[in-house]
Amino acid sequence: MMSYVDEVLELVKQKNASEPEFLQAVTEVLNSLRPVVEANEELYKKNAILERITEPDRMIMFRVPWVDDKGQVQVNRGYRVQFNNAIGPYKGGLRLHPSVNLGIIKFLGFEQIFKNSLTSLPIGGGKGGSDFDPKGKSDREIMAFCQSFMTELSKYIGADVDVPAGDIGTGAREIGFMFGQYKRIKGMFEGVLTGKGLTYGGSLARTEATGYGLLYLTEELIKCHGESMEGKTVVVSGAGNVAIYATQKAQQMGAKVVTCSDSTGWIYDPEGIDVALLKEVKEVKRARLTEYAAARPSAQYHEGRGVWQIKCDIALPCATQNELLLDDAKQLVANGCKCVCEGANMPTTIDATEYLQANGVWFVGGKAANAGGVATSALEMSQNSERLSWSFEEVDAKLKGIMVNIYHNIDDAAKRYGMEGNYVAGANIAGFEKVVNAMLAQGVC
Ligand code: NDP
Ligand code: 2IT
């Protein structure tokens, strides 16, 4: 007889055959939940827990018409997938990138359920975005898109309903334009988005939170294995929000970060990445990494992808999904890399993950390692609710406490099921346990 996990995996494959990223995310989670599901098979099956947790509460798709600088009307597709609100309002970012489709938003929304649960804060799972490409657009075009996107999205969100935030292509500028439009439509100033500017309800340390949190967890992990960040060589991919603040914190901890990358090329800088310059190129000028290389004699620029071939102790993928493949994993192991922690969502393919784990690399997946961003978003929601703002130090200390706690929770969960050192399984199990408990308590819904 087929196990319950295999039955549901089969069902999910049939129902979502054209969504490879969603299937990849569900396969990883359900496979690692096997011991928990086997221990509770009758109860979970009777309550259709796995069928319910893999089917979003609702998926909203809509037209986003806007006018470009030439007066031409453009049309994009908007998405919001409200996946599971068993433990709190839907929470998750908005991705603006031409590759966005329903399957990608579903994979991100599904992962968000477990990640948000791991933070220990009361937030459910959701994700949204659009196939809009912000590259090369004027500020006015960005505003026109964001206003049109929010005009429709505003019908479905709210401070106690669903609270979107940033992700790839959505930063402070976009959140500001969307917040302004929400306020105008609803006639209400409420904490409906996180990642807001500091003058209108944003939280100190939210900008830095994902990257800093990644390093707080990584530091705790390697500390528990008798090592420290001091003097380590670190390879980072990406050059956006997560990559920049991961690099900054790693350097503050005494490590040397020697790479970064964007969608067209990558940098090897043996002297260590100059974070101020990287910020200037990416956050201010919104330019290519060629400009970083032009301004920095020690930096070598290469077209295409390639950061994983650089020798390192620690690798931190911080760009996008499926950017670390089996061959990259082999290269990392051959070069002596001891630790991989994911700043991005699902950057490592399943075969690459298994190769790293089989070769003794300490591997922590994004659901645990990058949870600092959404955790600090939840702290922003708390501050909005009490109409107060906390100091940078207070938020940063809470973030650090949350990340250290996540490491120990996933480590314990793996040990409880006889899988010591399998932090992927530990994270999925620890995240799942709380959600399933809430689902069972709330009956059939
Ligand atoms: P940004 O848009 O700030 O940066 C993304 C970076 O990755 C850019 O350097 C971009 O290159 C590069 N990139 C994006 N897509 C591709 C692609 N298809 N191929 C190659 N490079 C690519 O996004 P974030 O830093 O916010 O997000 C990075 C990752 O972290 C994503 O997986 C996101 O889901 C995840 N994440 C983000 C959180 C947050 O708080 N922002 C929280 C948790 C996870 P270019 O500069 O050319 O655009
Ligand atoms: O992937 C993620 O966790 C995010 N993009 C952050 C979501 C949030 O609500 O802060």
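Numbering of residues begins at 1 and proceeds along the displayed sequence. Heavy-atom basis, side chains included; hydrogens, waters and symmetry copies ignored. Whatever order the structure lists ligands and atoms in, that order sets their numbers, starting from 1. Keep in mind it's a predicted model, so treat the numbers as computed, not measured.
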Q: Should the pair Lys223 and Tyr407 be classed as cation-pi, given the thresholds of under 6.0 Å to the six-membered ring centre and 45° from the axis?
A: no
Q: Any idea which protein heavy atom is nearest atom 17 (C) of ligand 1, and the distance to it?
A: Thr320 CG2, 3.6 Å
Q: For a quick check under 3.5 Å, do Asn428 and Ser32 share a side-chain donor-acceptor pair by atom type?
A: yes
Q: Looking only at heavy atoms, which two atoms of Gly78 and Val64 are closest? And how far apart?
A: N-CG2, 3.7 Å
Q: Please indicate whether any nitrogen or oxygen in Gly169 is less than 3.5 Å from any nitrogen or oxygen in ligand 1.
A: yes
Q: Starting from atom 46 (O) of ligand 1, which protein heavy atom do you reach first, and at what distance in Å?
A: Lys282 NZ, 2.9 Å
Q: Which atoms form the tightest heavy-atom contact between Leu379 and Leu121, and what is the distance?
A: CD2-CD1, 4.3 Å
Q: Please report the C-alpha distance between Ser377 and Arg206 in whole Å, then the side-chain angles of each, then the deciding distance to 0.1 Å, and finally whether the side chain to side chain donor-acceptor pair (under 3.5 Å) criterion is met.
A: CA-CA 7 Å; Ser377 278; Arg206 175 61 188 91; 2.9 Å; yes
Q: Atom 21 (N) of ligand 1: which of Ser263, Gly171, Gly304 has the nearest heavy atom?
A: Ser263
Q: Kindly write out the residues that satisfy side-chain hydrogen bond (donor to acceptor under 3.5 Å, both in side chains) with Glu354, not counting sequence neighbours, or none if the list is empty.
A: none
Q: Show the distances, to 0.1 Å, for all pairs joining an N/O atom of ligand 2 and a protein N/O atom that are shorter than 3.5 Å, listing one pair per line.
A:
from: ligand 2; atom 1: 1 (O); to: Lys115; atom 2: NZ; distance (Å): 3.0
from: ligand 2; atom 1: 1 (O); to: Lys127; atom 2: NZ; distance (Å): 2.9
from: ligand 2; atom 1: 1 (O); to: Asn345; atom 2: ND2; distance (Å): 3.0
from: ligand 2; atom 1: 3 (O); to: Gln112; atom 2: NE2; distance (Å): 2.9
from: ligand 2; atom 1: 3 (O); to: Lys115; atom 2: NZ; distance (Å): 2.7
from: ligand 2; atom 1: 5 (N); to: Lys127; atom 2: NZ; distance (Å): 3.3
from: ligand 2; atom 1: 5 (N); to: Gly166; atom 2: O; distance (Å): 3.1
from: ligand 2; atom 1: 5 (N); to: Asp167; atom 2: OD1; distance (Å): 3.0
from: ligand 2; atom 1: 9 (O); to: Lys91; atom 2: NZ; distance (Å): 2.6
from: ligand 2; atom 1: 10 (O); to: Arg206; atom 2: NH2; distance (Å): 3.0
from: ligand 2; atom 1: 10 (O); to: Ser377; atom 2: OG; distance (Å): 2.5

Q: Which ligand 1 atoms are under 4.0 Å away from a heavy-atom of Arg95?
A: 31 (C), 32 (O), 33 (C), 34 (O)
Q: Sort out for me which residue in Val340, Leu326, Asp351, Val424 forms a side-chain contact (heavy atoms from CB on, under 4.5 Å) with Leu356.
A: Val340
Q: How far is atom 31 (C) of ligand 1 from its nearest protein heavy atom, and which residue and atom is that?
A: Ala319 O, 3.3 Å
Q: Is Arg206 close to ligand 1, meaning an N/O of one under 3.5 Å from an N/O of the other?
A: yes
Q: Quick one: does ligand 1 sit under 4.0 Å from the side chain of Glu323, the backbone, both or neither, non-hydrogen atoms only?
A: neither
Q: Got a donor-acceptor contact below 3.5 angstrom from the Asp133 side chain to the Lys135 backbone?
A: yes
Q: Has Arg305 got a side-chain atom pairing as donor or acceptor with Glu323's backbone, closer than 3.5 angstrom?
A: yes
Q: Who's the nearest protein heavy-atom neighbour of atom 40 (O) of ligand 1, and how far?
A: Thr210 OG1, 2.7 Å
Q: Would you mind listing which atoms of ligand 1 come within a distance below 4.0 Å of any non-hydrogen atom of Arg288?
A: 47 (O)
Q: Write out the residue and atom name of the closest protein heavy atom to atom 9 (O) of ligand 1, then the distance separating them to 0.1 Å.
A: Ala239 N, 2.9 Å
Q: For atom 25 (O) of ligand 1, find the nearest protein heavy atom and state the residue, atom name and distance (0.1 Å precision).
A: Val242 N, 2.9 Å
Q: Hey, is the main chain of Gly124 close enough, under 3.5 Å, to the side chain of Asn116 for a donor-acceptor pair?
A: yes
Q: Decide whether an N or O pair under 3.5 Å exists between Lys135 and ligand 1.
A: yes
Q: Run the numbers for me: atoms of ligand 1, each under 4.0 Å from some heavy atom of Cys318, listed by number.
A: 28 (C), 29 (C)
Q: Can you see whether Trp66 has Lys137 sitting over its ring - NZ or CZ less than 6.0 Å from the centre and within 45° of the normal?
A: no
Q: Show me which atoms of ligand 1 lie under 4.0 Å from any heavy atom of Ser261.
A: 9 (O)
Q: Starting from atom 32 (O) of ligand 1, which protein heavy atom do you reach first, and at what distance in Å?
A: Asn345 N, 3.1 Å
Q: Consider ligand 1: state whether an atom of it lies below 4.0 angstrom from any non-hydrogen atom of Arg305.
A: no
Q: Hey, is the main chain of Asp274 close enough, under 3.5 Å, to the side chain of Tyr292 for a donor-acceptor pair?
A: yes
Q: Would you say Gln321 touches ligand 1, if touching means a heavy atom closer than 4.0 Å?
A: no
Q: Search all heavy atoms of Lys400 against all heavy atoms of Tyr216 and return the closest pair with its distance.
A: CA-CD1, 3.7 Å
Q: Is there any N or O on Lys127 that sits under 3.5 Å from an N or O of ligand 1?
A: no
Q: Could you identify the single nearest non-hydrogen protein atom to atom 27 (O) of ligand 1 and state the distance to 0.1 Å?
A: Ile168 CG1, 3.6 Å
Q: One pair to check against ring-ring contact (aromatic ring centres under 6.0 Å, His included): Phe179 and Phe189. What are the steps and the verdict?
A: CA-CA 9 Å; Phe179 185 78; Phe189 193 109; 5.1 Å; yes
Q: If you look at every heavy atom in Pro134 and Leu96, which pair is closest and at what distance?
A: CD-O, 3.6 Å
Q: With a 3.5 Å distance limit and no angle check, can you tell me whether Asn335 reaches the backbone of Gln309 through a side-chain donor-acceptor pair?
A: yes
